[in-house]
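Heavy-atom basis, side chains included; hydrogens, waters and symmetry copies ignored. All figures in this text were calculated on a predicted structure; none of them were measured in a lab.
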Amino acid sequence: MKCNLSVLLLLFLIKSLTAQNTPSTIPDSLIFKSYGYLDDKIYQYKNDSLKASPYLYAYLRKARSEKNHEELVNAYQNMLHQSPMILRLKYADSMVQTAVKSRNNELIGSAQLSKGIVYYSQKNYVKAYDYYIKANESISKTENDYLIYKTKYHIAQIKYYLGFYDEAISLFNECVTYFKKNQPRPYLNSLHSLSVCYNKIGDYSKCSETNALGIKECERLKIPEMELFFKHSEGINQFFLNNYHTSIQLLQEVMPQLNSMTEFANESIANFYIGKNYWKLQRQAKAVPYFKKVEKVFIEKGYIRPDLREVFELMIKYYKKENNLKSQLYYIDQLLKADSVLTDTNKYLMGKIHKEYDTKEILLEKEKIQQQLVKEKYYDVILISVVVVLFSAVIYGTYNHFETKKRNKIKFDLLLKKNEQSSLQKQATDKFEITDISQETVQQIIRHLEKFERDKKFLHKEITLATLTVRFNTNSKYLSKVIYHRSGKRFADYINDLKIDYLVELLRNSSMHRNYSIGSLAEEAGFTSTPRFTNAFHSKTGISFSYFLKELKKENS
């Protein structure tokens, strides 16, 4: 198989260099075969890229010669599925370019969706989401319900991956309802993803209920191979219900069925939770071999996700208890590598998850262990190391102090220019079309908001979403959605930011107010307490209010 893959890679590279000219080795007789015949052959050799290659290129050449955009898109898609990961984006691009020429929204949306899926497989979730949204825009103009819900499914996967579980649940529920009618495999996939989301939000009973339904539906639809995914999900769910023995039993039951080549991610997750179960049962030595299997997948496949990073934290703890300094140091390095990978692919989630060891603590722990290892051999080196570390800390502290001052000054200058920037942003967001609210209602709410801002009604302390809803004669859901799409903010942030913008402008123009106490200024801006005001100010600007006021006085003097 490795030999076949190497040959195919070479074939694809040669093809790229020759501007996608069809190889001359393709028998001419294949050109006269039907698309159905060629497609069947491609499917027949789906696991043997070398044998599939002549049929792939025959399909491509036939579609080109006939200038058949739809079949040309299919040709590129077949090549995408058979090509190595490094070349898949190239064929996804060709799909999109060809589809655009056809001016067929269904074809364009399908191609954009395929490109998004390629980005997703490359862990580029931002670009994947962008192409899913583009696909949704194109496909929503068609009557192809299957593509519409297929796109929703992939958008939901991104939402799940980024931690927006409630939004993912809503989309997966829609997919379950639609696919249940006549799409068994997508239906079961949606049901499985739904169960995983319920686990993530802590609704363990709903997760179990969905898994039980999934297993029952696998039997009804005669797709037994899907049962293991629901059992896998339930095994994890039982861990969170503190049923550790049940969890181990379920996960060990599905482990032999997980193909290490195609299901290494689920295999790694199962090993992680089996290890966690043993850890909770105070059988740490029994947990370690399972954690090492998770580490092996990380080393060989580069697979890691935020919850799996805990493996390295637990291994550090284990070897710390065993007083094994070298193993502690090794797993500290592994944790740093895992964090590096996660930071690149999960920037949003990494800010949310609880980490017992953050980067600074890891580095300090690593430094301590290194010093202990050195101390066991050379006492004189320890002294030099300590001096170097202290000197570095002083240099870093000094550097960090001036850098912080510089950053704060930049933030202060940007804050004074904010009115012009926020005006431009508002013009851009006002054009956003909210599809599930009538445009008349949206515009009416926007007019109310503009008057609300002009009249500075936001300075009232008692202003809430409920009171504003009544005043605008609308409902809270519509109002929240319009505010979010217009300003990019939740209601509380929207009100706080208006108050802060007002106060910044007031202080810029009124020297008298600059001499007020912070409490009086918080009162002036309509905040219910001084701490709420200072916290809101720092959250919005990134600098403290006292620093801002000090710089403003300095600038005006």
Do side-chain atoms of [X] reach the backbone of [Y] as a donor and acceptor pair under 3.5 angstrom?
| X | Y | answer |
| --- | --- | --- |
| Ser94 | Lys90 | yes |
| Ser340 | Leu336 | no |
| Ser53 | Leu50 | no |
| Asp493 | Lys489 | no |

Can you confirm whether or not the ring centre of [X] sits under 6.0 Å from the ring centre of [Y]?
| X | Y | answer |
| --- | --- | --- |
| Phe312 | Phe298 | yes |
| His154 | Tyr120 | no |
| Tyr198 | Tyr204 | no |
| Phe172 | Tyr153 | yes |
| Tyr187 | Phe179 | no |
| Tyr35 | Tyr59 | yes |

Glu70 with Lys101: basic N within carboxylate O range, under 4.0 Å
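Answer for the salt bridge query: no.
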salt_bridge(Lys540, Asp501) N-O dist < 4.0 Å
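A salt bridge links Lys540 with Asp501.
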Ser480 side chain reached by Leu465 side chain, heavy atoms, under 4.5 Å
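A side-chain contact exists here, since the closest heavy-atom pair is under 4.5 Å.
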